[in-house]
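Written below as structure tokens is the structure these notes are about.
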Amino acid sequence: MEFLPFKEFTEEAGNLIRRALEELKIDAEPILETPPSGIADLALPTYPLIPIARQMKIEDITGLLYKKINELLNKLGRGWIKEVERKGVYLNFQIDQAKLTKKTLEEVLSSGETYGNLSPKKETILLEHTSANPSGPLHIGRARNPIIGDTLVRILRAAGYEVNAQFYVDDVGKQVAILTWATRNLSEESLPPCSRDKPGYRLVRYYQKASQLMLGQERVAEGINELVRSFENVEEKSLAEAKRSYQPVLDGVLESLEKINVGFNSFAHESAMIKSGLTQEVIGKLKQSSFAGHEDSAWYLELKEFGIKGKDTKFYFTRRDGTSLYTTRDIAYHLWKAGQADHLINVLGEDHKLEARQVEIALDLLKVKRKPKTVFYAFVSLAEGRMSTRKGRVVYLDDLIDEAVALAYQEVKKRRGEDLSETQLREIAELVGIGAIRYNIVKVQPEKAIRFKWEEALNFDGDSAPFIQYAHARCRSILKKAGNSVRIGNPNYTLLSHPMETALVKKIARFPELVKTMAENNRPNLMAGYAFELATLLNQFYRDCRVVSSGKFEAPRLELVKAVAQTLKNSLALLGISAPDYM
RNA sequence: GGGCCUGUGGCCUAGUUUGGAUAUGGCGGCAGCCUCCUAAGCUGCAAAUCGGGGGUUCAAAUCCCCCCAGGCCCGCCA
């Protein structure tokens, strides 16, 4: 049983209105909306009825409907609807607050950390995210991908799906070939000093140097192409050599991601799409297509018919030498993925939009029904311009993590240096710093481009993770303080009638619906907004309502605080952020 | 040249899918609040031609058309 009180309330109101309209012989479908805060829980504007009941004045229609609805309400009984009020040309519906409070608090407190989870769907999702080229450490432009991806994974799991988070390792592409060539041919002495003692930072210098050489020297470019061809021919020796080059880089990337609570369930290797013969199968089938053509022995699909526009509408799926291209292998990968799960989701940079469309068209031509839904995100740029590993114009995720944790340490030491141990200070700094990074990235809609600014990335005030973590800590602090106070078996929830208390209950009650919305629309940024609003309400409640030693209010308020803490914690969990008990 | 995305106070941002009641918050600024559950908090003030112009509608930030600006793309790269 899913707990979706506002959904049930809205359905009840909808049915009631439909019945009233029917009995009044007005042929219209009600459109319900959520009114501005405080006015009501649900509203029906009666404007749309004007053209239908032309002979009547708007006031009369509203009045008539108002009377009819109340009549029906008395006749049929009430579920979630407490009352209906008439305000101007609106009919406002109020939810039964006493019932909502009791049901919500019971639900949260009995469900605990599963509050907000929807019933299991028995459907699986393969969600691919990050899939960064293992040619250097992760920079913050790319870091948007794992944070959006991992948050989505957590949300979809809460929504009842079995989710496989997969990293697609591009181990046969040009980037890896460059790196492999570099480790084979360049010497340590020819490179600039290493900025961090990690394999990825040591190796990226090789990659950067070889990238430069490749542009000027034919010999280097040929050596790299030679490697690409050997990958394509599945020459085990060079594939093994490539793996020795990129694996330490990839391990470093995964290590950095682990620090920000991002993990994967599986890895798929691009080389496997060649080894299995699937890539050749794709090439063979695409050649049969009526949209296929070739220029010498380089094959392409003409995509004009599919709405692709621009300078060149051809999509090449083989090179002149017959080797496959990244997109060709990606089609093979998706062909394979289609057999792995019920739903496919990808998180990709917006630069992949055309590529994703090409894959989709190819999958159509191959008669593959199960196609991916893609979440695209815009790039994070620097004031100096776009980030580029090759040019070394980047801010690395590791540096951002270090800065965030160091700053968080300063802050927590300033506030709690006196009464917390060094270990505790370090632990809190870690949680706060990491939380801030994830939150500040995920809170913005993925499709908006971000210009990276340190002060924004390290924001700890207002709309930030520490704000929410602090609200949680406040709750835990109250509960701790109340500690041994007498527990009454059945708290009197009807005492929770202060505006802040009802506002908190309503907010908490909407959490499962939010999970549903986020999962249906792949919108992880909504989680950040919700957590912030709930934390804000808690702070206002904290200001207005004394909990500990508040007499008869203490017991029910403690239950409310418990429920708020749980919901904040669960919200943060979906964001991949820890909820400390103190800070 | 074309396609996709974005444009909301000084800065950042919600709302746009499904048109409706004074356009949401944050940062920064100014003025206040700790004898009381942690002030990473709270309250108030100033600050917005919702990129611009047309149109549809009783009603437009939201829908349609045109234009402007920024991002991304139009490789036998990935």
Side-chain angles (χ1 to χ4, degrees), chain A residues 31-33 35-37 39-40 43 45-48 50-51 58 87-90 92 133 135 170 173-176 228 270 295-300 307-327 329-330 349-355 357 376 378-379 381 386 408 411-412 414-416 419 432 436 440 443-445 447-451 453 455-456 459-471 473-482 521 525-526 529 532-533 535-536 538-540 542-550 557 561 582-583:
Chain A
I31 300 160
L32 287 160
E33 60 181 57
S37 61
I39 296 175
T46 53
Y47 288 111
I50 295 170
I58 179 75
K87 181 141 187 185
V89 289
Y90 289 91
N92 292 332
N133 268 313
S135 55
D170 183 0
K174 201 153 210 165
Q175 255 65 312
V176 164
V228 170
E270 206 176 347
E295 205 168 295
D296 297 331
S297 45
W299 284 77
Y300 61 83
I308 300 294
K309 291 165 184 165
K311 277 186 259 184
D312 192 356
T313 53
K314 289 188 186 71
F315 153 53
Y316 280 87
F317 59 91
T318 78
R319 292 195 182 88
R320 191 177 298 241
D321 61 7
T323 56
S324 65
L325 287 121
Y326 167 81
T327 307
R329 300 188 292 271
D330 203 21
E350 62 178 343
D351 55 334
H352 276 65
K353 274 188 182 176
L354 176 62
E355 191 263 347
R357 181 75 189 118
F376 292 103
F379 282 106
S381 61
R386 192 173 165 174
E411 293 294 320
V412 68
K414 193 168 73 193
R415 294 172 167 86
R416 306 297 305 279
D419 38 40
V432 167
N440 290 329
K443 74 176 176 181
V444 181
Q445 285 184 22
E447 55 270 23
K448 287 208 184 197
I450 297 178
R451 258 193 322 278
K453 294 188 193 95
E455 64 269 31
E456 277 174 18
N459 175 37
F460 291 174
D461 303 309
D463 188 8
S464 69
F467 177 95
I468 298 156
Q469 291 171 316
Y470 184 70
R474 271 188 156 169
C475 291
R476 300 308 315 176
S477 176
I478 291 171
L479 295 170
K480 190 179 170 197
K481 195 132 205 166
N521 304 299
N525 58 305
L526 298 181
F532 176 59
E533 286 160 15
T536 300
L538 185 274
N539 283 330
Q540 291 166 342
Y542 184 88
R543 174 199 65 205
D544 292 342
C545 305
R546 179 78 202 178
V547 178
V548 179
S549 311
S550 60
R557 281 180 180 169
V561 169
Y582 56 87
M583 63 186 277

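Every heavy atom of this structure was used, including side-chain atoms; hydrogens, water molecules and symmetry mates were not. So you know, we letter chains A, B, ... as the sequences are listed, proteins then strands, and number each from 1. No experiment lies behind these values; they were computed from the predicted model shown.
- Among the heavy atoms of the strands, none lies under 4.0 Å from Gln469(A).
- Between Lys453(A) and the phosphate of C11(B), there is no side-chain N or O to OP1/OP2 separation shorter than 4.0 Å.
- Distances shown here put a side-chain N or O of Arg451(A) below 4.0 Å from the OP1 or OP2 atom of C12(B).
- Regarding contacts with the backbone of G15(B), a side-chain N or O of Gln445(A) is found under 4.0 angstrom from either OP1 or OP2.
- Counting atom types as modelled, Asn92(A) pairs a side-chain N or O with a base atom of A21(B) as donor and acceptor under 3.5 Å.
- Among the protein residues, Val412(A) comes within range of the nucleic acid bases, having at least one heavy atom under 4.0 Å from a base atom.
- No N or O donor and acceptor, one from the side chain of Arg543(A) and one from the base of C42(B), sit under 3.5 Å apart.
- For C27(B), neither phosphate oxygen OP1 nor OP2 lies less than 4.0 angstrom from any side-chain nitrogen or oxygen of Asn459(A).
- When heavy atoms are screened at a 4.0 angstrom cut-off, Arg557(A) is found touching no nucleic acid atom at all.
- Per the geometry, CZ belonging to Phe532(A) stands 15 Å off P belonging to A40(B), to the nearest Å.
- The salt bridge (charged side-chain N to carboxylate O under 4.0 Å, His left out) check on Arg415(A) picks up Glu411(A), with sequence neighbours excluded.
- With a cut-off of 3.5 Å on both pairing distances, the Watson-Crick and G-U wobble pairs of RNA chain B assemble into stems of 3 or more at B:1-7 with B:68-74, B:10-12 with B:25-27, B:29-33 with B:41-45, B:51-55 with B:63-67.
- The number of heavy atoms from other shown groups lying within 6.0 Å of NZ (Lys453(A)) is above 12.
- In C65(B) the base sits anti relative to the sugar, since the glycosidic angle is further than 90° from 0.
- For the OP1/OP2 pair of A40(B) and a distance below 4.0 Å, the side-chain nitrogens and oxygens of Arg415(A) include at least one atom meeting the criterion.
- Looking at Arg476(A), its side chain never comes within 3.5 Å of a backbone N or O of Tyr582(A) through a donor-acceptor pair.
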For Tyr326(A) and Glu355(A), run side chain to side chain contact (heavy atoms under 4.5 Å, CB included): C-alpha distance rounded to whole Å, both residues' side-chain angles, the deciding distance at 0.1 Å, then the answer.
CA-CA 9 Å; Tyr326(A) 167 81; Glu355(A) 191 263 347; 3.4 Å; yes
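- Contact check, Tyr542(A) against A39(B): a side-chain N or O comes under 4.0 Å of OP1 or OP2.
- Counting non-hydrogen atoms under 4.0 angstrom, Tyr316(A) reaches a base of the nucleic acid.
- OP1 or OP2 of C77(B) lies within a sub-4.0 Å distance of a side-chain N or O belonging to Arg319(A).
- Comparing Gly307(A) and Arg386(A) by the nucleotide of RNA chain B that holds the closest heavy atom to each, the one mapping nearer the 5' end is Gly307(A).
- Here Gly462(A) lies in heavy-atom contact (under 4.0 Å) with sugar-phosphate atoms only.
- Arg474(A) comes within 4.0 angstrom of sugar-phosphate atoms only, judged by non-hydrogen atoms across all strands, and of no base.
- Remark: ring of Phe460(A) does not overlap the six-membered base ring of A40(B) in a stacked fashion, as centroids less than 5.5 Å apart with planes less than 30° apart are not both met.
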